[in-house]
Structure formats: C-alpha cells, structure tokens
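Below you'll find the structure, written out as structure tokens, and then a few comments.
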Protein chains: 2
Amino acid sequence: MGDPIGDPAFEDLTARARIRDAAIRLFAERGIDGTTVRDIAQEAGVSPGLLRHHFGSKEALREVCDTYALDRLVKIKEEFYLEGKVANPGFLPSVHPTIVLLYKYLTRALLGGSSGAAAMFDEMVTLSEQWVRKHAPAVTEDYRAYAAVLVGMQSGLLAMHDHVSRTLGVDIFTTEGHLRMAGALADFYSHSLLDPEFVTKARAAMEPPRAPNPPTATGTDPGAEGA
Amino acid sequence: MGDPIGDPAFEDLTARARIRDAAIRLFAERGIDGTTVRDIAQEAGVSPGLLRHHFGSKEALREVCDTYALDRLVKIKEEFYLEGKVANPGFLPSVHPTIVLLYKYLTRALLGGSSGAAAMFDEMVTLSEQWVRKHAPAVTEDYRAYAAVLVGMQSGLLAMHDHVSRTLGVDIFTTEGHLRMAGALADFYSHSLLDPEFVTKARAAMEPPRAPNPPTATGTDPGAEGA
DNA sequence: GCAAGCACTATATGCGTGTATAGTGAGCTA
DNA sequence: TAGCTCACTATACACGCATATAGTGCTTGC
C-alpha cells in the first residue's frame, strides 16, 4: 500500500492514483496477462468496478500506465541531469526503487507489445546511434545495427533478469546484485572479447563468394558453441 | 501443416507429433498464454480433446515441448559439430528454419519460467564461463558475472527480436536480417566501446569510500543517458 | 436544507478457457 | 467373425475473466 512510485503529485493520493500505481507494480511483477483486474483492485484497496469507472477497461488502464511510467522516468532523468541533482549523493539511492520498478514495468511493456514502450525503444536506439557516431565511430560501420543490438541486448538483459539473478545467486535489482552486474557490463564494454582480426577473417570467409551460411540463431556467440 | 521441425523420426508423423509440433510453433509465435488448446488442435488438424488424451493437460504438453525442443537443438548441434557436417555447406541453411523456430520457442520458455529452459540457461552460462576463462581471461575478474551477463544479453536480444527487427527494418530471423545483426554483434565483441581507463576510474570513484551510487537500472549504458 | 454530481460498491452477464466424460469407429487378435 | 483396444471426436461442465448495470452515500453548490 505504500507508494513506491515516489513523491506523487498532490491530487495523486486519490484512489485513481492508487489503482494506477498498483497496476504498475503488479504488471511489472507478474506481467500483463498474469495480472487480473481483481488483483489490481485488491492491491489498491478498492472494488474491481472502480477500475472501469476510472479507466474504462484493462487495456486503457495499461496505456495510462505506459505513458505514466515513461513520463515518470523522463522526469527523474531530467531532475538528475538538468536540475543539478547529479551532484547530490543522496538522490540516486532515493529514487533507485522507483527506477527499478519502472524498468521492470517497461521491460514487460516491451515484451507485451506496448506501442509507447516501442517508441521508447526506438528513441533509445536513435540516441545510442548518435552517441556511438560521436564518441566511438571506429567500432562499426553499421551504426544503426550496432545501436539496435546494443539497446536490444541491454533491455533484453533486463528481460532475463530472473535467470541472470539465479545464476549469479543475487537479485540484480538489489544494490549488491546491480553492482555486480554493472561491473561485468563495464568489463564487457571496455574490453574486446574477440580478436578483431579473427572476426574480419571470419566475415570475409562467410560473405563474398557463396554465402550459404546464416549460422545458428546466435551464431557468433562463443557460449552457444557448447553442447 | 508442413513440418517445420525438420525430419522427424518415423513414428513421429502421428497426430501426437503433429500436436507437439503445432504447439511449439504457436507457443513460439504467440507465447504460452497467448495460445489456447483449441488453437493448437486446429493447427494440428485434430480435436481439442485429443490433446488431453495424449498429453493430459496443457502444462504437461508444454513440458513435453520443452524437453523436445531442447533435445532437438542438442541433436542438431551434435550433428553439426560431431558428425562432420561443419564442412557441409548445405547443412546450415537446411536446418536454419528449424533452429530459428527452436530458438524462438526456447526464448519464450525462458520468459515463461520453464525449468528446462532455465537449466539450459545455466548450462550456457557455465560453458561461457569456461570459454572466457580459457580464451579471454583478461577481460574480467568476475568470470561468473561476465558469463551471466553475456548469456543474458544474448538470449535477451532474441527476446527483443520484434523491436530490433523493427528498428532495423528487417526481420532478424531472415537470412538478410540475421547477417546484419550478426555483423553488429561481431563488431560488438571485437571492439571495446568504452575506454578501459575511463571505466577503471569510474569504478574506483564509485566503489570505495562511500558508495551511494547504485546508478540507474542500466547504469553503464551510454544509450540510457539521453532524454 | 436540498438537489445534483460523483466516487465508489455490489451484483450480474456473457464469454473463453482448461478440463472432463461419453461415445464412435477402425484395426488388430483370436 | 466376435470382441477388444485405442486413437479420436463431440459435447458438456465449471470456472475465472473482463465488462456491464444498478444502486448508494458523501460532498458540493445554491
């Protein structure tokens, strides 16, 4: 019943807001299909009919949640980067639970085919593409694909959160787990795993003469070699 | 009605096999919850009751599909690596559609909490860990986390397949799309995106004295900076 | 003080779902 | 040919779901 979607606007302590927050929480945790209108109502402490009264339908509620979550995340980032909160050491820890929740929700939304989340994905790809062009232009020749893969992997990693947490023995959404994951991610981004020459050779061998070789679905992954 | 799960065993052209194949296809395409027993029956050209007759329940059918998909993938890989099909240029293209289907299915299974798929994930992490230790020991100090992130990203990328395909303008499960994605992936693995020194500095700044900094959920992602 | 409006509840309706049961007909065995 | 087995179908059942409708009581403005 607490409000994990940090400091809401004033008019927002209403039942309507409680419903929306409960929905985001449950959608994030159990998925859209895994959550019933009754679950949300119970979590929000209201009757199921009130959801319809305020939002019309489950789908409409979901869309409200989408835009709210997106908006909330943007607001937090603005606050962080634009309002000088970067310097405030207490800010990030204070919003961390909210951010975790929002990311979980948006990951679900991405998987569930939400158009708002899809738009966010596209925007992240565009931004990443620009970033790479500017700061690391040498890493690829196909910036668009590179950025798409980057964002896809990044958000996909979140989608696989359960499995990553399990193999790590620690929930990656706790501070400890996140630190561990972020460390590995940093290693990942800052050291090349494969020999560039090997890759160019492999590419050359695969592409030009006859290319009968759309390899396994995760072709270049060293991990997929086993079994 | 065609049988996309390549050359089945002889006794396998039975209705039972058709049901199983139809289930894998539909589960892969629409997800577990998005597929009804009736859908599967229709796709397999049988009556819904027959599913129960052969498999007992939808959940039991799902488990059969899990182990079958896993088994099938292993078989194909064995055939490829162990039976000298590596040299055969026609082999990969011939099994490509099957592999795509199996990967789609297994990604769904991963997302849907299948225990078999989870075991596969764990095994892939272990194999990746061994591979990194052996072939690229310098990239990290935390091999386990590195491998978990590697496999998580790789499978997560598949989970985000719709979005990646959309931003790329080409389905990554077609030969063309896959080639493009694999190229970006190869760039990704063979060039470091971030300056190692920058990362070690950042790590040092974050870790030791006070660590009020469990950054955003995708902290180190350059793409997440924007907005 | 009174009526209108609105947040909210209780209850009902219809549908899609997984599952259960009874029945049918072809093929095999004796 | 008689009878049995078993793959398979048709139909029914029970249930959970989203959604719809009717009703209630508090709040507000006049």
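From a predicted model like this one, the values you see are computed outputs, not experimental measurements. Chain A is the first sequence line, chain B the second, and so forth, proteins listed ahead of strands; every chain is numbered from 1.
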B/Tyr68 and B/Asp21: side-chain donor and acceptor closer than 3.5 Å? no
Of the options C/dT17, D/dT9, C/dT9, whose atoms approach the side-chain atoms of B/Thr36 most closely? C/dT17
Rounding to a whole Å, what distance do you find between B/Phe55:CZ and C/dA20:P? 16 Å
Gap between atoms CD and P, on A/Gln42 and D/dA18 respectively (whole Å): 13 Å
Does some side-chain heavy atom of A/Leu106 sit less than 4.5 Å from a side-chain heavy atom of A/Phe121? no
Strictly by modelled atom types, are A/Asp122 and B/Thr167 linked by a side-chain donor-acceptor pair under 3.5 Å? no
B/His96 and B/His178 aromatic ring geometry - parallel, tilted or perpendicular at 30°/60° bounds: perpendicular
What orientation do A/Tyr146 and B/Phe188 show, parallel under 30°, tilted 30 to 60°, or perpendicular over 60°? tilted
Tell me every residue that passes ring-ring contact (aromatic ring centres under 6.0 Å, His included) with A/His54, counting only those two or more places apart in sequence or in another chain. none
Distance check: side-chain N/O of A/His53 vs OP1/OP2 of C/dA7, anything under 4.0 Å? yes
When only distance counts, do a donor and an acceptor, one from the side chain of A/Arg38 and one from the base of D/dG16, lie under 3.5 Å apart? no
Does either side chain, that of A/Thr36 or that of A/Asp39, offer a donor lying less than 3.5 Å from an acceptor on the other one? yes
Can you tabulate the close N/O pairs, meaning under 3.5 Å, that link protein atoms to atoms of nucleotides 21-27 of chain C?
none

Please report the distance, rounded to the nearest Å, between CZ in B/Arg16 and P in D/dC6. 15 Å
Whether B/His54 contacts D/dC6 is assessed here as follows: a side-chain N or O lying under 4.0 Å from the phosphate OP1 or OP2. Is that the case? no
Over how many whole Å does the gap from A/Leu50 atom CG to D/dT19 atom C1' extend? 14 Å
Nucleotide D/dT19, atom C1' - distance to CD1 of A/Ile40 in whole Å: 14 Å
Is the ring centre of A/Phe173 less than 6.0 Å from the ring centre of A/His161? yes
Would you jot down, in residue-number order, the residues of residues 56-67 of chain B having a non-hydrogen atom under 4.0 Å from DNA chain C? B/Ser57, B/Lys58
Rounding to an integer number of Å, can you tell me how far B/Arg18 CZ sits from D/dT9 C1'? 14 Å
For the side chain of B/Arg18 and the backbone of B/Ala44, is there at least one donor-acceptor N/O pair under 3.5 Å apart? yes
